[in-house]
Structures are given as structure tokens and as C-alpha cells.
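Each remark here refers to the structure printed beneath this line.
Residues take their numbers from the sequence shown, with the count starting at 1.
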Amino acid sequence: MNIIAALRNIAVNLFRMEQRKLEKFRKSSPRRKWLTYSNFILPIVFFYYEVVFRLSTTGGLFRWSLILTLLFSVCWGMLGWFLTTLTKTPKYNRWIKLGIMILVAIPFLVEYFVFRKFKTLYDLNTVRGGAGDVAGGFMGDAAKMIFSPSGLLRILLFFLPAILYGVFGGHFDPARGANARRRIKTAVMLLLTFWLTLILCFIPPTYRSSYSRQYNFENAVHNFGFMTGMRLEIRRSIFGTRSSFESEGGESASAAAGSADTPVANIIAAIPDPDAAAARETAPEPSPVEYGLSVMDIDFDSLPDDGSVYAEINDYVKRQTPSHKNEYTGLFQGKNLIFLSAEAFSAEAIDPERTPTLYRLATKGINFTDYYQPEIAGTTGGEYYNIFGMVPSNGGTSMEDVVENYNPFIMSEQLNNLGYYGKAFHNNDYTYYSRDYTHNRLGFSDGYMGYGNGMEEFITPAWPESDLEMLEGTVPMYIDKQPFNIYYMTVSGHSDYWRGENWQAEKNWETVADLDYSDPVKGYLAANVELEKAMAFLVSELEKAGIADDTVIVLGADHFPYGLDDDGPLGELPYLSELYGYNVTDYLQRDHNRLIIWSGCLEDMDPIIVDEPSSSIDILPTLLNLFGLEWDSRLLPGRDVLSDAEPLVFESYYDWKTDKGTYIQRTDTFTQTDPNETLPKDYVSRMQTIVRNKLNYCDSVLDYDYFGYLFGNQD
């Protein structure tokens, strides 16, 4: 009782002390009040930055996240206050405070211009990996954004607090140094505010998962503010991205079909009919073809279970259900391969009259009707998806990191081992995104050529360069070197799409002039007519050489056409929405696309239609199966789309789609494909776990060179 009474007395005395301070403050002069208010300058400025940034990028100001952003801004402001009280000289402290305002404003501005250009926020690795290339190759575009009315306005808004403080700070900010007692008190307040904010973060399930196990930089910025998103990103960069794999157990969809909700008619239909059984005995059905599993002879049980990261990955992989080979296994065995990552390509670029060759390849090859190209790290991220069949978990540096690893499953390595002639081409600067380093390490026997180490012989130096000219110059280099494996990274579809700024849009304008679209959309479609001309030339040359049936063409995008709109978050992309024909409000809508897998031999077959959800992460496993190559379906996060594997499209934002429905992380909503279908109660949570594990697996393969460990090829 004495302890309780003592604590009560302490609380009463503290309350009375604060009351006396408040009364003294009320009676103080206006100048004295301003001196006290000045302690809140940095929290106010930081929150101001966050509000301006959100209104300029991701939108959604009036949400629960605004409260979290405010509280985190207070924490950052109190931390900044410490730095402004390090000296006893007010002049120096004011300079420190002014410097903090300027230094903090710069990352906001950089990320704003990144968002304006790419319509997504870039993590540190992506900004770091692409900064030099953008400054060199696209300095004109950057300057145009910076000196545009919108760019100048943002610069003014972000530097306005520093300007005002620089002019008036000396009149109202005493900027005195703080004693130890005041610093301790502020530190306690900072910790209490921080822990309160964390508690509030973990109340809504969506925010809790976004902060921890389903972290993504853009979602973190949207939910907690840019400064906290950067803190989480720096922590991720220092301590890594890998987390523990989770159990994926749960009731399967097929098991749910036998639940108590099964219609009575289905139960009656399942009762054996003696007459029907007798008829089946007189007319036996042909035995089904038994296809083996797409697995390699790997004895995971013999690998050491030593608690290491590799042991944990091994345990995850061996628990995966492998897919089966199928009637299409080996269909392309021994054929040539030409793979194109098409700049900013979209399904809407295909038209039976305007682009008849692209239409032919898309509809007379393997017909993908529900395909997606996830956007992460721009072009280099799209190439990573297409080539490696993995999520580029290190952002813009993923390609540079992965080529240091052992990559046994990529097509260039597989076909090179079979004696294929191989070469990669690009019709822009050959050093851009360090392709002179990365693409020479992909396993192509004859390396890589871009503008600057040979391609300039064929290409007119105008922006964007011509895909047709690239193919006209390079097809003769390999068409007589069968079997061959060729890779192209195109550029004709690159933004901007105004006629006066885009050579391809200007050159092909007559093909789109009468279309009922705005000029930017027309410019985009006209630029892609150059890709159509390139594909028409390629197919014609293959047919002239008599090898169209022996050649496979694969064409996939690197990302959606983000260059159509100058600004705008999801829901505010007018030109992209005009192109698509609907308002783009989530990432999956934004990233829908079309994949082409064609060979002349397919045109004489019944159509192969893939109408289940698929994405660029599925390209590699599908090609490995079609070419009859050795691979293990447990070791790749995508699936052979022609197999019995469960369809799944997933984004690094933790949005996903299956044949059963679509889940959007930001709104925490799941929409069933068939509202009348009965799904297991744990279906959404099970799929969320699977997505987390797959993203974790992609991190692990990249960061720990898992394939090098597994196959004994680590340096």
C-alpha cells in the first residue's frame, strides 16, 4: 500500500508541475510563446513534406495512414531536434536545422520525379542502379520534367519551409542548446510516441502485414509515409530480405468439393449406375497416358540439416508439389529460339489490321488470354522476370547480382550446353543498365551487341531507335547458324509518345491518324507499329529460309507503358486508362498484358489456349517443358502453364490472382471469379502464405546463390 501511495503522490506532483508550467506559458509574452512553438518546427515541416509528397504521388490522403504518417513525422522531428541542440551557439543550431530541412527535402524530390517518370516508387537499389544511366542517357527527359511547371512547383513546395526558415528563422527561433534533463525527457517522449505508433500500425491487419512480413517499399510509403518507408528500406538493405518459410498447409479446393455444401444433385450423380457400369465393361476406355513428374534426381534428405539458411530452403523446396510433364513436353525440342523483351509492349498494341503479324503470332501460337507482366525496377526488372523466371528482389541491381550466381535453368545456359549458337542484341546504348556486363554473362556463345559495340552499323541515331533496323541488320548474322538462341531487348516502343519527340511515332503516324484516341495514345500505338514491321520482317526471313516450323518466337513486355501519363497514382492515369478501355485502379489491372509463344509448326495444330492467369514468371518453366530440357518444377517459383500446377499470378506488392479470384493487398479485398463456388475457408490465407513464401524464395535464391549451393557450383 505504501508503494501505491508513493506512486500516486509522484503522479499528483507531476500533474501539478505541468499545470504550473501551462499557466506560466499562458501568461507569457507572445514572443515567449513563439520560442516554445519553435520546438515543433521540424515535426511540422516533415509532416508537410509527407502531405505534399502523397498528394503528388500515391494519393489517398484521408486514410488511417495519415495518422500514422503524422505520428512518425513527430518521431522524426524529435530526432531532428536533438541534432539542432548539439551546440550552445544559436546561430550554428539554426544552420543545422536549415540543413536538415534541405537534406530531407532532396530524397522526397528525387522520388517524386522517379514516380512521375515510372508511375511507381523505386526502392534504394533501383534508384542507385539506374541513377547513372538516367543522368546520361535520359538527361533531356529529366531536365524536361524538372523544368516543367509541375516540376518547378514541386521544387518550390519542398524547399518552401527552408526558404521561410532561412528568411525568418532568426526572428522567432532561439535555437538554444538543451540540457541533459530536457534531452532525456524528449528521448522518453520520442520512444513513447514511436511505440504508440507501432501499436497503431499493428491494429489494422493490412498495415500490420505491410510493416512486417509483407513489406513492400511502395506499400510502406503509402501506409506509413516516405521517411518511414525509407527507414524500413535501409533496414532491409542492411539486414537482408529473407524471412522464415511458413507452412502452406490447408484444405485444398478439390477437398472442399466434397464438403457439406455439395449440392444434392451432385451426390445423386455420384451413385453408381449398374447399367452404365455394364456398358463401360463392354466398351473399355483407352488407358490414359501416364506423364512423369518434372523433377530432377535430387536427394534432399541426404543434404545436411544443420540449421543453416540452405537447410531451411531445402526443406521448403522438398515440400513443394512438383508438376507433371504433359502432352506438350518436348514439342519444341531441338528448335531455334528467338526471345524478345519488347519495350513497354501491351496487349492493346495488337490489332488484326494495324499489326497483322503480331496478331497472327498471338492467336495462331499459344494463345494467352489472361497474362500479366508485373512491374518492378522498370526495364531491367522486366528482363529479369523474362530471363530468370524470378522476382527481382534486389530491385534495379538484381540483374548485376544474379549473373554472379550459378544459373543452370535459364534458356541461354541450357541451349548453350546443347551446342546452340547464341547472341543477345539491343538497339540502344550497349552499356545502359550495365548490359555490357550482365548480358555477356548470360551464357550466349557469341556474347552481346548494342549501340556502341557494333549495332551502330545498322541503326539510325534517332530516338527511339528502330526495331526494324535492328532485325534487318542482325538476322543475317545467325539465320544460317542453326540451331540458334537469340535474345533481343527492343526500344522502339519507348516513351515519350508525342510526335515531335518520338521518331517512331512520327514515322508511323499515318497508320493511327484516324483512330479515335488522344494524341499520346496514338503516338504509343504508332511507335509499336515499328515493332510490327520488325516482326513481319523476321517471320518473312524465317519462311524464306524454310525454318519457320523449326523456330520458336517468344515476345513478352518488360513493363506496362508507364510513359503515357506525366503524373498520376492508380486511379488517375487517364491515357493508360484510355488505352486499356477501363479505369486502372490496381496493380493487376495496370500490369495486364499479352505473351506470344509461336512457331510455324503450331499453325497446323489445334489452338492451344491458356485462359488461366499467368505471368512473366511462368515463361521460363513453360519453355523448359516445351523444349524438353532438364529442370525441376520445385525449384522455380513460376509454373509450366501447360501442366497441372495451380495457376497463380503475384506481384511484389502482394496482390495476387488465381483461377478462383483476385486479392488486392492495399484494400485487403478478395473477389471470387465465380461467386457461387464454395472455396475453403482458409483459401485466401493459404494463398497469401504461398505468395510470401515464393517472394522469400526468390530473395533466397538471389542473395545466397542457392542453385550454386545445391549443384555444387559456388565459387
Atom of [X], atom of [Y] and distance for their closest heavy-atom approach:
X	Y	value
Val51	Leu66	CG2-CD1, 4.4 Å
Tyr451	Pro461	OH-CB, 3.5 Å
Asp496	Gly563	OD1-O, 4.2 Å
Ser65	Tyr207	N-OH, 3.5 Å
Gly493	Ala527	CA-CB, 4.2 Å
Ser393	Cys698	OG-O, 3.8 Å

**OP:** List in chain and number order the residues that pass side-chain contact (heavy atoms from CB on, under 4.5 Å) with Asp123, two or more places apart in sequence or in another chain; answer none if no residue qualifies.
**Re:**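 Per chain and number, Asp123 pairs via side-chain contact (heavy atoms from CB on, under 4.5 Å) with Asn125, Thr126, Phe217, Glu233.
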**OP:** With side-chain contact (heavy atoms from CB on, under 4.5 Å) as the test, would you mind laying out the steps for Met489 and Thr379 before giving the verdict?
**Re:** CA-CA 9 Å; Met489 178 67 233; Thr379 295; 3.8 Å; yes
Subject >> Validation row, ring centre Tyr432 to ring centre His426 under 6.0 Å >> reply: no
Nearest 0.5 Å, please: how far is [atom2] in [Y] from [atom1] in [X]?
X	Y	atom1	atom2	value
Leu121	Thr57	CG	OG1	5.5 Å
Asp566	Leu573	CG	CG	11.0 Å
Phe118	Ile376	CZ	CD1	13.5 Å
Leu576	Glu348	CG	CD	8.5 Å
Phe345	Thr490	CZ	OG1	9.5 Å
Ser616	Tyr384	OG	OH	12.0 Å

For the residue pair [X] and [Y], establish whether any side-chain heavy-atom pair is separated by less than 4.5 Å.
X	Y	result
Tyr575	Pro561	no
Val104	Phe158	no
Arg435	Thr438	yes
Pro520	Trp498	yes
Arg231	Trp76	yes
Leu192	Trp195	no
Ser73	Tyr49	no
Leu42	Met101	yes

**OP:** Check step by step if side chain to side chain donor-acceptor pair (under 3.5 Å) holds for Tyr653 and Arg666.
**Re:** CA-CA 8 Å; Tyr653 309 102; Arg666 185 170 291 188; over 6 Å; no
**OP:** Could you please spell out the steps behind the side-chain contact (heavy atoms from CB on, under 4.5 Å) verdict for Asn394 and Asp703?
**Re:** CA-CA 9 Å; Asn394 285 356; Asp703 291 343; 3.3 Å; yes
**OP:** With side chain to side chain donor-acceptor pair (under 3.5 Å) as the test, would you mind laying out the steps for Thr120 and Glu218 before giving the verdict?
**Re:** CA-CA 7 Å; Thr120 188; Glu218 182 157 337; 2.6 Å; yes
Can a side-chain donor-acceptor contact be found between [Y] and [X] if the only test is distance below 3.5 angstrom?
X	Y	answer
His592	Gln373	no
Ser210	Asn223	yes
Ser652	Tyr587	no

Are any side-chain N or O atoms of [X] and backbone N or O atoms of [Y], one a donor and one an acceptor, separated by less than 3.5 Å?
X	Y	result
Tyr580	Arg590	yes
Glu506	Glu501	no
Asn386	Ala557	yes
Asp586	Gln589	yes
Glu578	Ser518	yes
Tyr122	Gly395	no
Glu50	Phe226	yes
Glu465	Asn428	no
Asn593	Asp558	no
Arg499	Gly523	no

Original post:
Under 30°, 30 to 60°, or over 60°: which ring-plane class applies to Phe224 and Phe72, parallel, tilted or perpendicular?
Top reply: perpendicular
Original post:
Using the ring of each side chain (for Trp, its six-membered ring), is Phe560 parallel, tilted or perpendicular to Tyr562, with breaks at 30° and 60°?
Top reply: perpendicular
**OP:** In sequence, state the C-alpha distance, the side-chain angles, and the governing distance for Asp655 and Ile664, and then conclude on side-chain contact (heavy atoms from CB on, under 4.5 Å).
**Re:** CA-CA 5 Å; Asp655 293 359; Ile664 304 301; 4.0 Å; yes
Using a cut-off of 6.0 Å, state whether more than 12 heavy atoms not belonging to [X] lie near its atom [atom1].
X	atom1	result
Tyr92	OH	no
Phe147	CZ	no
Trp95	CH2	no

Original post:
Can you name the one residue among Phe53, Tyr48, Phe46, Phe115 that meets ring-ring contact (aromatic ring centres under 6.0 Å, His included) with Phe108?
Top reply: Phe53
Subject >> Identified ring-ring contact (aromatic ring centres under 6.0 Å, His included) counterpart of His494 within the set Trp503, Trp463, Tyr524 >> reply: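 Per the ring-ring contact (aromatic ring centres under 6.0 Å, His included) rule, the option paired with His494 is Trp463, out of Trp503, Trp463, Tyr524.
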Subject >> SB check Glu375 Lys119 (cutoff 4.0 Å) >> reply: no
**OP:** For the pair Arg692 and Ser209, evaluate side chain to side chain donor-acceptor pair (under 3.5 Å) and give the outcome as yes or no after the intermediate values.
**Re:** CA-CA 11 Å; Arg692 286 195 297 270; Ser209 59; over 6 Å; no
Original post:
For Arg116, which residues count as a salt bridge (Lys or Arg N to Asp or Glu O under 4.0 Å) partner, sequence neighbours excluded?
Top reply: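 Expected list: Asp567.
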**OP:** Might you work through the side chain to side chain donor-acceptor pair (under 3.5 Å) test for Ser150 and Tyr112, ending with a clear yes or no?
**Re:** CA-CA 11 Å; Ser150 177; Tyr112 160 71; 3.0 Å; yes
**OP:** Quick one: do Arg54 and Thr69 satisfy side-chain contact (heavy atoms from CB on, under 4.5 Å)? Show the steps, please.
**Re:** CA-CA 10 Å; Arg54 181 172 296 194; Thr69 301; 3.1 Å; yes
